[in-house]
Amino acid sequence: MLKKIPVDQLRLGMHLQAFCGAWLDHPFWRTRFVIEDPNDLVLIRESSIREVWIDIGKGRDVEPTTDATIAYETADTVPETTPAAAPAEKAAFADEVKRASRIVARGREAVVSMFQEARMGKAVDADAAAPLVEEISNSVLRNPGALISLARLKTADDYTYLHSVAVCALMIALARQLGLDEQQVREAGMGGLLHDLGKAMMPTAILNKPGKLSDVEFAVIRTHPDEGHRMLLEGRSISEAVRDICLHHHEKFDGSGYPAGLKGEQISLMARMGAVCDVYDAISSNRPYKAGWDPAESIKRMAEWQGHFDPTVFQAFVRSLGIYPVGSLVRLESGKLGVVVEQGELSLLKPRVKVFFSTRSQAYLKPEIIDIARSREKIAGREDAAKWGIRDIDRWWAGDKR
């Protein structure tokens with residue numbers, strides 16, 4: 001039986017079933033565990049959460065009391081305390097990036113924990129990760145560029161973990177672009193979050209190697225889809241679609257991928273989506289052995305790889321991100337350089353750009369946001385920051401939210 005109690009009545013030995021409050025306010029990324037660490041009690045009591053559900057069949061009950069006025073709410077399952085969520089309202093990039101930065105940080109904690117638990121042989125529980133996928137989904141609905149772009153900013157040490165968060169967000173945006181229903185959108189997001197779970201079993205020295213892998217090392221890495229699929233088969237509440245994304249996200253449309261060499265529509269739609277999202281985040285992020293390409297350069301290069309991706313899925317992916325994704329450095333016809341800060345509403349070719357440099361005077365300008373759709377300015381093309389000695393290009397759009 002479940003019982004709802006105030007947090008000040010929590011004691012060691014109680015089985016925490018659920019928090020009463022928003023997921024971002026929780027001190028832990030998951031619930032459903034016996035409280036054994038006094039520090040966990042402190043974290044819960046210092047959070048904004050005021051009530052929790054405990055399972056008295058799996059852990060300690062509250063202390064008996066002679067106060068007849070105390071009546072605890074009980075249930076067999078945690079009741080729905082709030083009505084079904086209304087569709088998320090669109091948000092400006094600057095507003096959403098603040099919330100997205102918290103989701104990315106919590107998402108990293110969740111993936112680190114999942115990988116650690118997987119290494120220890122603990123079964124993966126999709127229900128525990130569902131609130132994170134929901135938060136990411138809502139953020140993408142409010143403004144897709146914010147969380148997707150923030151998750152791209154990762155150090156080499158963070159790559160494996162934040163890559164999972166980024167691919168989750170990219171899969172959600174792509175699923176909506178393809179017109180999938182909301183259940184499929186959540187499955188796509190969960191598949192993105194768990195697609196690289198098998199890397200938890202890969203040697204750290206190979207994952208973080210700062211140079212090209214040897215043939216032997218690459219053979220080891222190629223086993224991660226099978227390892228992840230095996231762990232997901234042993235997990236709880238894992239759908240077939242999620243397992244398929246994990247197993248086949250390295251297949252290629254022309255049949256040259258792995259592990260099964262599937263070709264064309266032998267590869268499921270979800271796995272074809274996973275292939276595009278996985279590669280985009282990989283090549284546009286800084287990794288142990290190379291710096292990431294500019295987002296627009298990444299899109300351009302992917303378009304040139306014949307046979308790698310399903311053309312229809314890739315075209316939908318470009319529509320979901322834009323030809324010039326957030327963070328792309330572009331040159332305007334006036335000679336000014338700017339970084340894309342938000343997509344335009346009417347055209348993939350007309351984003352909002354923060355201009356900050358003049359190629360004619362080779363000097364920095366006072367930053368100014370130009371909406372290309374409402375300006376005489378036009379984008380002349382992509383630009384290479386190194387050519388002009390510009391470093392840390394991402395600070396022009398992300399600021400201190402990294």
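Using modelled atom types, one finds a donor on one side chain and an acceptor on the other under 3.5 Å when comparing S237 with D127. Side-chain atoms of H163 and D278 include a donor-acceptor pair closer than 3.5 Å. Between the side chains of Q17 and T31, no donor N or O sits under 3.5 Å from an acceptor N or O.
Put simply, the side chain of Q343 gets close to the backbone of Y324: a donor and an acceptor are under 3.5 Å apart. No side-chain donor-acceptor contact under 3.5 Å links K263 to the backbone of Q266. Side-chain atoms of E342 never come within 3.5 Å of backbone atoms of R352 as a donor-acceptor pair (strictly under, hydrogens ignored). Of the possible polar contacts, one joining the K90 side chain to the L141 backbone as a donor-acceptor pair under 3.5 Å is found. Between the N286 side chain and the T155 main chain, no donor and acceptor come within less than 3.5 Å of each other.
Seen from the ring of W23, R106 counts as a face-on cation partner, given the 6.0 Å and 45° thresholds.
For K199, the NZ atom is densely surrounded, since the number of other residues' heavy atoms within 6.0 Å is greater than 12. Atom CD of E182 sits in a crowded spot, with more than 12 heavy atoms from other residues, nucleotides or ligands closer than 6.0 Å. Heavy atoms of other residues, nucleotides or ligands lying less than 6.0 angstrom from CG of D76 number 12 at most. Counting heavy-atom neighbours within 6.0 Å of R391 CZ, excluding the residue itself, gives a total of 12 or less. A 6.0 Å sphere centred on CD of E333 holds more than 12 heavy atoms belonging to other residues, nucleotides or ligands. Open room surrounds CD on E265; 12 or fewer heavy atoms of other groups in view lie less than 6.0 Å from it.
Considering CZ of R186 and CD of Q184, their distance stands at 12.0 Å, rounded to 0.5 Å. Going from atom SG of C246 over to atom CE of M270 covers 14.5 Å, rounded to the nearest 0.5 Å. If you take CD1 on I299 and CD1 on I283, they are separated by 7.5 Å, rounding to the nearest 0.5 Å. R222 contributes atom CZ, which lies 12.0 Å from atom CG of L213 (distance to the nearest 0.5 angstrom). To the nearest 0.5 Å, atom CD1 of residue I44 and atom CZ of residue R50 are 11.0 Å apart.
The aromatic rings of H224 and H250 lie perpendicular to each other, with more than 60° between the two planes, well past the 30° mark.
Ring centers of F309 and F317: at least 6.0 Å apart, outside the cut-off. Aromatic pair F357/Y364: centroids less than 6.0 angstrom apart.
L162 and L153 make their closest contact through CD1-O, 4.0 Å (heavy atoms, listed as atom of the first residue, atom of the second, distance).
The stretch residues 95-138 participates, sequence neighbours left out, in these ring pair (Phe, Tyr, Trp, His ring centres under 6.0 Å) pairs: F115-Y161.
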